[in-house]
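To keep things clear, I will list the structure first and then write my remarks on it.
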Amino acid sequence: MTVSLPAPDFDTHAGSDPHPGLYNEDLAPLPESKRRWGAFEFFNVWTNDVQSLAGYTLAASLFITAGINGWWVFAAIVLAGFFVNFLVNLTGKPSVRYGIPYAVMARSSMGVRGAQFPALIRGIVAIFWYGAQTYFASTAVALAINAVIVTPPEATFMGMTWVDWVSYVFVAALQVVLFLKGIAWIEKFLNFAGPAVYIVMIALLVAIWIQAGDRLLPAVGSIFNNSSVEGWAAVAAFFGVIGTMIAYFSAVIINFGDFARFSKTEKAMKRGNFYGLPVSLTFFTFLSLFTTAGAYIVLQGGEGEPLTNPAEIVGLVGNVVLTIIAAITFVIATIGINLVANFIPPAYDLSNLSPQRISFKTGGYLTAALGFIVGALWVATISQIGLPMFVDTLGAILAPLYGVLVADYYIVQRRSVKVADLFSMDEQGRYFYQKGWNTRALIAIGIAGIFSISAVWVPVLAGLSGFAWVIGAILGGVLYTAVMWSYRAKSTPASAEEPELVETGV
């Protein structure tokens, strides 16, 4: 098949001269010969993200805490999957077209130097997520260890026992080893992890359902009958669940170009996104709901709060073999998405700060070190705010960046990017702005960020917490478009509006 793609403004392999402070091989446009991802690879990216321990915990928590009928929570989560599918198709399209990662694409709106700011923000958020997911993965390892030792430890340091610490260090080290094996090996890892987790989840549900018998459906019904809020408050809670789920995926939404650049075609990307998001999310939410409800009746005796961490649920089953198999599978799934969503992107982002000094691999080492600190503090400090609030906060920080990225490409740039200018410090370059910084974009992000973060943390705005991501993204995009229209009209020559098209085989 043959498609029209913009002609590259420089040949990254033929001795052309991008600015050394903006370029290295990891940030360069990816040639078509290295674009190997089809629909299955994108499906597995999302499947692993959905199936991670943090993803399960968030979905189960929303059923318990949203305060509305469970069918509405279920519908909200599914609808969120469709929204995320739409959002990532928007951010993925330019990277499929030009083969560049998010850190480079951000230069179009922020300036060739100013892009370091959103890349740094995105990197910091990813590092927080990386630490959190590393901790969640380590709980499954600890579960397996505790299942085979005679007397599980009780003494703790910073909220974790020695088993927890050994598990945490093991998972952190394993992720670095996998990262060093390269993206091709990680692809194979994800392709195994996605289907494997579903097999274990189904087996766990079957084991619980056999024990629960005819008590399972009434248990599910008790969760679905939750209606502590009514009227407009229930409507707000419904959309709040959608917003929180979008915020959960926000780290991948903003930098989806880091993965889309590996896609063989845009069609393959969209097909993989559809099956991996609304379809996979619906099935996994169904499994999560029934497993949580069944565990509450069979394993907890209907007492206390329902368990929302599947590792804890598996630990109560009483089957050592199932516990170990499930623990290994959950670790694989969580590590897989942690590498793809929270390790590789900040490695790109940190490399973008100083391409000649910080390679992609060096950026990965920095991510691992900083993320280790965050995860070590999870139990004692960070988790105290609650997972939904943690998710909404990180989403609120990233939302304006998404709004600006989409508004810039689709409205301001009119879907046409001059690739050479993304790597150039020429004062006449399209993305040089003021000494490499587009202060207008930074102001738009700052104003939108204040509003979206306030929606999470200011008590009087508590009702908007679930909408923080949506507020930040829309406000960021609108403000950026408003301040850039007049600037573009004055500064962009007619000859720069559309690059030459060439025929490129795919």
Side-chain angles (χ1 to χ4, degrees), residues 45-66 73-88 91 122 124-137 197 237-256 259 273 276-285 287-289 292 308-310 330 333-334 336-338 340-343 345 374 378 382-383 385-399 401-402 452-453 455-456 464-473:
V45 166
W46 295 115
T47 298
N48 280 273
D49 197 358
V50 169
Q51 293 173 345
S52 70
L53 292 171
Y56 182 108
T57 300
L58 178 63
S61 297
L62 290 173
F63 275 101
I64 296 169
T65 63
V73 176
F74 188 87
I77 293 176
V78 173
L79 190 57
F82 281 97
F83 276 122
V84 174
N85 179 62
F86 172 75
L87 295 172
V88 295
T91 50
R122 166 64 184 93
I124 291 173
V125 170
I127 287 170
F128 268 85
W129 263 121
Y130 175 76
Q133 290 278 28
T134 300
Y135 165 74
F136 275 104
V197 172
F238 173 80
F239 285 103
V241 171
I242 296 176
T244 296
M245 289 302 299
I246 293 175
Y248 171 73
F249 291 107
S250 63
V252 186
I253 292 174
I254 184 66
N255 73 276
F256 188 66
F259 318 125
N273 289 345
L277 278 164
V279 175
S280 182
L281 184 59
T282 299
F283 184 50
F284 187 75
T285 302
L287 292 176
S288 302
L289 171 64
T292 299
T308 57
N309 187 330
F330 282 128
T334 305
I337 192 55
N338 210 21
V340 172
N342 304 317
F343 199 116
V374 172
W378 179 261
I382 302 174
S383 66
I385 69 174
L387 186 58
M389 196 167 187
F390 176 80
V391 169
D392 285 334
T393 300
L394 297 186
I397 294 172
L398 293 177
L401 302 180
Y402 177 87
S452 59
I453 296 172
V456 179
L464 298 177
S465 180
F467 304 91
W469 190 93
V470 177
I471 292 171

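Model, not experiment: these values are computed from the prediction. Heads up: numbering here begins at 1 and tracks the sequence.
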Report summary line: Heavy atoms of Ala251 and Arg122 approach each other most closely as O-NH2, 2.9 Å
Requested in this report: Can you measure from OG1 (Thr134) to CD1 (Ile127) and round to the nearest 0.5 angstrom?
Outcome: 11.5 Å
Query raised in the report: Are side-chain heavy atoms of Leu464 and Ile471 found at a separation under 4.5 Å?
Result: yes
Report task. Verify side chain to side chain contact (heavy atoms under 4.5 Å, CB included) between Val252 and Val88, making sure each step is shown before the conclusion. Result -> CA-CA 8 Å; Val252 186; Val88 295; 5.5 Å; no
Report task. Assess whether side chain to side chain contact (heavy atoms under 4.5 Å, CB included) is satisfied between Val391 and Trp129, documenting all intermediate values. Result -> CA-CA 9 Å; Val391 169; Trp129 263 121; 3.7 Å; yes
Report summary line: Distance col, row Ile77:CD1 vs Tyr248:OH, nearest 0.5 angstrom, shows 11.5 Å
Query raised in the report: Could you state the interatomic distance from OG (Ser280) to CG (Asn273), rounded to the nearest 0.5 Å?
Result: 12.0 Å
Query raised in the report: If we only count heavy atoms from C-beta on, is the Tyr130 to Val125 side-chain gap below 4.5 Å?
Result: no
Query raised in the report: Once the angle between the rings of Phe128 and Phe390 is folded into 0 to 90°, is it parallel (under 30°), tilted (30 to 60°) or perpendicular (over 60°)?
Result: tilted
Query - Donor-acceptor contact present, side-chain Ser452 to main-chain Gly472, <3.5 Å - result: no
Report task. Measure the spacing between CG of Asp392 and CZ of Phe467 and express it to the nearest 0.5 Å. Result -> 10.5 Å
**Report entry** Rounded distance [0.5 Å steps], CG in Asn85 versus CZ in Phe249
**Finding:** 11.0 Å
Report task. Please step through side chain to side chain contact (heavy atoms under 4.5 Å, CB included) for the pair Met245 and Leu62, ending with a clear verdict. Result -> CA-CA 9 Å; Met245 289 302 299; Leu62 290 173; 3.6 Å; yes
Query raised in the report: Hey, which of Leu277, Ile254, Ile253 is the one that makes side chain to side chain contact (heavy atoms under 4.5 Å, CB included) with Leu87?
Result: Ile253
Query raised in the report: Are any of the side-chain heavy atoms of Thr244 and Leu58 separated by less than 4.5 Å?
Result: yes
Query raised in the report: So do the side chains of Ile242 and Phe83 get within less than 4.5 Å of each other, counting heavy atoms only?
Result: yes
Query raised in the report: Between Val470 and Phe239, does a side chain to side chain contact (heavy atoms under 4.5 Å, CB included) hold up when you go through it step by step?
Result: CA-CA 10 Å; Val470 177; Phe239 285 103; over 6 Å; no
